[in-house]
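These notes concern the structure reproduced below.
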Amino acid sequence: MKEIRVALVGQPNVGKSTLFNVITGESARVANWPGTTVSKYEGEITYRGRKIHVVDLPGIYGLSTLTIEERIARKYILDNEADIYVVLVDAAIPEKTLALALQVLEITPRVVIVFTKMDMVHSRGIHLNLDGFSNRLGVPVIGLSAAKGYGISSLLDAIIDVAEGHYSKSPYRLNYGDLEPYIGSIEEILRLYSDKVKYPIRWTAVKLLEGDSELMDELRELLDKDAFRRIEDTIRDAEKRISESLQEYIAITRFSHLMDVCRGLVLRKKLPSHTASEIANIFYSPIVGPLASIGIILAFLIIAFTINTGFPLTLIMERLGFEEGAALLEHYSISSLMGTAFEYLGALIRGAMGEGPDTSLIVDGVLGGVGTILAFLPLIAIVSTGFAILEDSGVLPRIAVGTHSLLSRLGLSGHSIFPVMTSFGCNVPGVLVTRATPNAWERLKLILTIAFIPCQARLIVILALATAMGPLGGLLAILTYLIAITVFALLNMLMDKAIKHEKQVEILLELPPLHKPLPRVVWWTVRSHVTHFLSKAGVVILAASIALWFLTSFNFNLSYVGNVEDSIGGAVAGAISGFLTPFGIGGARATVVALSLIVGFVAKELVVSALLVSTGAETVNEAFRMLDLSPAQIASLMIFTTLYVPCLATLITIYMESRSVKVTLSATALMLSVAYITSLVIYWILSLFF
Amino acid sequence: MLIGGNATTLDNLSPGETGKVVRIDGGRGLVMRLYQMGFVPGAVIKVIVNRGVGPLVVDIMGAEVAIGRGIARKIVVEPTKGE
């Protein structure tokens with residue numbers, strides 16, 4: 001039997017992804033909608049012997065072309081890509097969410113309407129007559145609760161029913177009153193071109209009167225000049241006839257029709273109370289709001305990162321004099337425990353196999369790569385959990401509203417607060433939680449620039465380099481941080497100005513009601529982040545680690561060399577050391593610095609150890625003296641290492657999230673060029689004084 | 001340009017007050033977005049949060065929506081009594 005193709009349609013917050021996950025389970029996978037960075041979720045389920053393929057269309061509020069998400073969903077529906085469209089209605093806010101269902105019904109009759117969150121309806125004193133809706137709309141209407149897991153089989157039954165042909169053969173019809181004659185005229189003209197116009201004729205006519213510019217452009221190409229002009233004339237006549245704008249008239253007609261459809265079928269016994277939400281109103285307070293928001297996220301991140309590496313709590317403890325406690329905390333942190341385990345394993349293997357290329361491959365290449373991957377897993381799991389709890393409970397969107405005006409001055413939206421703050425700890429989970437941003441363009445901007453935010457590893461490098469600068473070092477460290485953050489903000493502001501996209505400076509956001517986060521939903525998010533990282537990023541990180549190991553352990557004759565300087569990597573370092581000439585560093589010194597920068601690509605902390613190993617020095621101070629680096633050069637090096645490239649794991653995570661090589665390479669190119677220019681400028685300025 | 005003696009803009013309503021949408025004074029794109037969110041002439045808005053500065057939070061058709069103040073200034077409403 002043929003596969004049934006189903007598409008899920010619905011407004012954001014209506015519970016679409018929950019329903020999608022419940023139906024498709026393990027088979028769910030994600031890709032990009034072609035030519036975009038918007039996520040496309042697909043999956044399957046086999047029910048009563050039929051294979052049902054489900055696509056989760058992006059959440060949308062209407063079928064115009066205002067956002068990329070709308071364009072994707074609309075195109076999918078108009079191109080007839082699915083056999084059946086399941087439109088979700090939020091049972092707790094039925095009228096508002098049913099509006100979209102009516103718009104879909106005007107295009108196709110192969111629809112099943114689903115009222116989700118039926119479990120919430122009773123406690124809110126709402127009574128819904130689903131059969132009544134079914135009669136008025138002429139399509140199956142199913143009530144279910146994805147969260148509680150009931151009603152799903154009724155939905156699947158209805159899907160199969162419609163797939164077998166039990167539906168009304170003509171699309172639902174709305175009466176547009178005074179506009180009907182004009183709709184009729186346009187329909188007549190369009191019918192002459194039915195071979196070229198693949199969309200439903202009546203729907204197209206209404207959309208043209210509504211002023212849909214994309215459709216107008218499309219038809220201008222498809223139709224004769226004469227026919228198109230007649231359509232334009234008809235629209236003009238309609239505008240003269242109707243006192244309001246056509247857009248307004250159509251919206252009002254749709255609205256009153258919606259109310260007619262719902263009349264008598266939605267009974268409310270209790271007045272909706274917003275008590276739980278009222279507590280959250282603190283987030284909207286102009287001063288307390290942003291503070292509370294940042295405070296909550298900060299508290300969570302401190303806990304998350306402390307569990308992982310002990311930092312920043314260890315730093316605080318050391319400053320307060322609890323050095324022993326700090327050392328203990330660090331020793332028992334997850335990262336440290338894993339590091340110890342891997343060292344032990346490495347030593348075992350070395351003992352068993354002796355020294356040599358094979359041992360090095362396994363210990364440094366493979367084990368090193370696996371270690372890198374595993375090192376990020378606990379952090380990703382913890383951050384994802386916090387993120388999922390904040391998001392599902394409804395707290396995160398409120399934080400976004402509260403911090404929006406502050407962040408919009410930096411070219412960002414309130415939604416970026418969580419990914420930005422996370423990135424100060426580590427860019428890898430930071431990139432992963434850019435999913436907090438519903439807008440695809442904003443998300444892309446974030447993914448391209450978020451690696452500029454200095455993470456823990458870079459802080460270590462900054463501090464290490466600062467110690468070699470004496471008293472000025474501390475000042476320079478702070479300056480470096482500020483420069484990085486400024487660069488990040490400036491780039492975001494510039495990108496908004498340069499690319500005229502659906503920029504939304506002012507917030508217009510629906511807030512889901514506050515509720516206890518569902519453990520199931522939290523688990524799905526965490527599991528999805530972790531398994532994706534393991535399966536997609538993990539494999540690439542391992543391969544890249546082995547490749548890098550090879551490049552830094554073998555020379556061009558493909559024979560194993562014990563040290564980095566003689567390897568292919570060393571030769572590359574020598575080749576690019578020319579770029580350091582404008583900084584006044586040349587020759588062998590430049591090669592050493594270049595080499596440590598190359599190594600730093602794998603993990604920023606390695607820059608310091610690479611410098612020490614190459615020079616044979618014991619401290620950074622000594623290394624800089626041996627390299628004869630001036631304060632200006634050290635300062636520009638500090639800035640360069642902070643900005644120049646995302647670490648390997650971050651780079652691969654960027655690829656994993658954007659699923660685009662172009663985006664990944666652009667982010668890298670952007671960072672390299674900005675880092676080079678910025679550090680060069682700093683060098684010139686500083687060398688005037690030092 | 002206001003119609004009728006009562007009309008005002010959404011940002012002028014206090015928490016607890018309700019208003020019926022009269023029209024949206026904005027560009028095509030903004031108007032479309034607002035219609036899609038339910039801010040259609042005839043729809044009833046109830047203000048939940050309005051601190052005079054920063055975004056408003058309103059109830060429209062049972063849903064809670066945060067609106068930037070600049071956008072709220074473009075929504076012309078007629079104050080109504082009660083729910």
Side-chain angles (χ1 to χ4, degrees), chain A residues 11 13 60-64 66-67 70 90 92-97 99-100 103 124 126 210-211 213 244-245 247-248 250-252 254-256 258-259 268 271-272 274 277-278 281 284-286 289 394 397-398 400-402 404-405 408 414 502 504-514, chain B residues 1 3 9-11 14-16 18 20-78 82-83:
Chain A
Q11 295 185 0
N13 299 326
I60 49 175
Y61 283 106
L63 291 173
S64 47
L66 294 173
T67 61
E70 268 180 24
D90 186 330
I93 36 174
E95 296 93 343
K96 182 170 192 293
T97 49
L100 181 61
Q103 289 200 43
R124 283 165 161 241
I126 304 177
E210 203 182 18
S213 48
E244 311 94 332
S245 76
Q247 197 186 18
E248 191 176 323
I250 289 174
I252 295 173
R254 288 211 183 110
F255 178 70
S256 68
L258 174 68
M259 293 296 123
R268 289 184 166 90
L271 281 171
H274 291 278
S277 303
E278 269 155 29
N281 287 346
Y284 310 133
S285 163
R398 285 166 172 81
V401 174
H404 185 79
S405 46
S408 53
E502 329 122 3
Q504 291 165 19
V505 180
E506 292 250 40
I507 204 145
L508 178 63
L509 183 71
E510 187 182 328
L511 302 163
L514 281 179
Chain B
M1 201 182 71
I3 303 173
T9 51
L10 182 58
D11 60 309
S14 307
T18 51
K20 197 177 254 206
V21 179
V22 171
R23 70 168 186 278
I24 317 272
D25 285 338
R28 187 166 260 295
L30 176 65
V31 169
M32 197 56 160
R33 274 176 70 206
L34 284 169
Y35 284 166
Q36 283 178 354
M37 290 288 261
F39 295 90
V40 178
V44 174
I45 309 177
K46 176 166 175 200
V47 177
I48 304 173
V49 173
N50 185 354
R51 293 170 198 263
V53 63
L56 283 79
V57 179
V58 304
D59 175 311
I60 179 125
M61 296 201 236
E64 203 173 313
V65 177
I67 309 180
R69 189 155 291 270
I71 297 181
R73 277 193 207 108
K74 299 186 177 151
I75 303 177
V76 180
V77 296
E78 192 184 292
E83 330 295 87

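We name chains A, B, ... by the order of the sequence lines, and we start the count at 1 in each one.
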Euclidean distance, [Y] [atom2] relative to [X] [atom1], rounded to 0.5 Å:
{"X": "A:Glu506", "Y": "B:Lys74", "atom1": "CD", "atom2": "NZ", "value": "7.0 Å"}
{"X": "A:Ile252", "Y": "B:Arg23", "atom1": "CD1", "atom2": "CZ", "value": "12.0 Å"}
{"X": "A:Leu511", "Y": "B:Asp59", "atom1": "CG", "atom2": "CG", "value": "11.0 Å"}

Are [X] and [Y] packed together at the side-chain level, in the sense that at least one heavy-atom pair is separated by less than 4.5 angstrom?
{"X": "A:Ser64", "Y": "B:Gln36", "result": "yes"}
{"X": "B:Tyr35", "Y": "A:Arg254", "result": "no"}
{"X": "B:Met37", "Y": "A:Tyr61", "result": "yes"}
{"X": "B:Arg51", "Y": "A:Asn281", "result": "yes"}

Applying side chain to side chain contact (heavy atoms under 4.5 Å, CB included) to B:Met32 and A:Glu210, what does each step give before you reach the verdict? CA-CA 10 Å; B:Met32 197 56 160; A:Glu210 203 182 18; 3.3 Å; yes

Structural part of [X] lying under 4.5 Å from a heavy atom of chain B:
{"X": "A:Ala251", "result": "both"}
{"X": "A:Glu70", "result": "side chain"}
{"X": "A:Ser256", "result": "neither"}
{"X": "A:Ile60", "result": "neither"}

At a heavy-atom distance under 4.5 Å, which candidate from A:Ser405, A:Pro94, A:Ser285 has the highest pair count against chain B? A:Ser285

Relative to chain B, which of A:Lys96, A:Glu244, A:Gln247 shows the most heavy atom pairs under 4.5 Å? A:Gln247

Using a cut-off of under 4.5 Å for heavy-atom pairs, which of [options] has the most such pairs with chain A?
{"options": "B:Val53, B:Val57, B:Ile60", "answer": "B:Val57"}
{"options": "B:Ile24, B:Val65, B:Val31", "answer": "B:Val65"}
{"options": "B:Pro41, B:Gly54, B:Gly38", "answer": "B:Pro41"}

State plainly whether the residues B:Glu64 and A:Arg398 are in salt-bridge range, i.e. N to O under 4.0 Å.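 Looking at A:Arg398 together with B:Glu64, the answer is yes, because their closest N to O distance falls below 4.0 Å.
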
Determine the minimum heavy-atom distance between B:Ala63 and A:Ile93, stating which atoms define it.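 Looking at all heavy atoms of both residues, the shortest contact is N-CG2, 3.6 Å.
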
Taking all atoms of both residues into account, what is the closest heavy-atom pair of B:Val22 and A:Glu248, and its distance?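 Answer, listing the atom of B:Val22 first, then A:Glu248: O-OE2, 4.2 Å.
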
Per-residue contact mode, B:Arg69 against chain A (heavy atom under 4.5 angstrom): backbone

Measuring heavy-atom distances to chain A, does B:Ala72 have an atom under 4.5 Å in its side chain, in its backbone, in both, or in neither? neither

